[in-house]
Amino acid sequence: MKLAIISDIHANYEALDAVLKDIETQRVEQILCLGDIVGYGPDPSKCVTAIQALGCPVIRGNHDHDAANDRALDNLNDTARLSLEWTRKQLSQAQRQWLGNLPFSRRVGRFAISHASLDEPEAWHYIRDLADAERALNRQNVPLCFIGHTHQPGFFEQKGGVTHQIRKAGHQLDDDTKVLVNVGSVGQPRDGDMRASYVIFDRVQRTVEFQRVEYEVAKTQERIRGQGLPEELAIRLTYAA
Ligand code: ZN
């Protein structure tokens, strides 16, 4: 009874394809997608089509949200703004509508999924450190929540009112603990490891396993340059920060 949980694909089709192939070897019952399918990367339309083809639960990320609407993007840095303006033109009207109708968060059985913090998912709060995690866990009304958004895999648990950060796992979840798992990013990792990141959650064993998958980074970088997207977006895939 395993689930694969993916997030922050960011229009990196090579990374998504490698992750989906890896998931095929894992015998999972379901895939869940935590959003940011698009933004930054060179293949937004292809990635949306690939995620739609999975027919799996999907929630909305901030880049999906902004690719779907027409708001002015002046609160974003140049790189994010340029890539989103370009992304809007790459997507069909139907794809933009689909992205804009995705839920911000949802329950799946006994746990929840959200792109950013679960208590106000549409505000896109980042959970970066112990203080952020403590605030989120205090308000978390389910024992387990999977998120993305920071592109940094890892997890936080709260037991007896005390919050800890746990960096390494295959980890067994306790019944009396509230847990927040960040599954990392498929298409733009930021934890110094350029390999695509995702999580396998075993519902019966109650274990969380972080997976890393190699993909053709150079091919995605070539596509980014070929589309005239900012060079920083290509370089970032190698230094993964
Ligand atoms: Zn993201």
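Atoms within each ligand, like the ligands themselves, are counted from 1 in listed order. For the numbers below, each heavy atom of this structure counts, side chains included, while hydrogens, waters and symmetry mates do not.
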- Interatomic distance, CG@Asn12 vs CD1@Ile224, rounded to 0.5 Å, equals 7.0 Å

- Message: Counting neighbours of CZ on Arg71 that are heavy atoms of other residues, nucleotides or ligands and sit closer than 6.0 Å, is the number greater than 12?
- Response: yes

- Message: Looking at Arg96 and Asp66, is any side-chain nitrogen of the basic one under 4.0 Å from a carboxylate oxygen of the acidic one?
- Response: no

Exercise answer: donor-acceptor pairs, residues 182-189 side-chain atoms, under 3.5 Å, sequence neighbours excluded:
| residue | atom | partner | partner atom | Å |
| --- | --- | --- | --- | --- |
| Asn182 | OD1 | Gly184 | N | 2.9 |
| Asn182 | ND2 | Gly148 | O | 3.0 |
| Asn182 | ND2 | Thr150 | OG1 | 2.9 |
| Ser185 | OG | Asp8 | O | 2.7 |
| Ser185 | OG | Gly187 | N | 3.3 |
| Ser185 | OG | Gln188 | N | 2.9 |
| Gln188 | OE1 | Arg190 | NE | 2.9 |
| Gln188 | OE1 | Arg190 | NH2 | 2.7 |

- Message: Any salt bridge linking Lys21 with Asp17? Criterion: basic side-chain nitrogen under 4.0 Å from a carboxylate oxygen.
- Response: yes

- Neighbour count above 12 (heavy atom, 6.0 Å) for Gln52 CD: yes

- Protein-derived N, O or S atoms lying less than 2.8 Å from the Zn ion (ligand 1), waters not counted, sum to 4

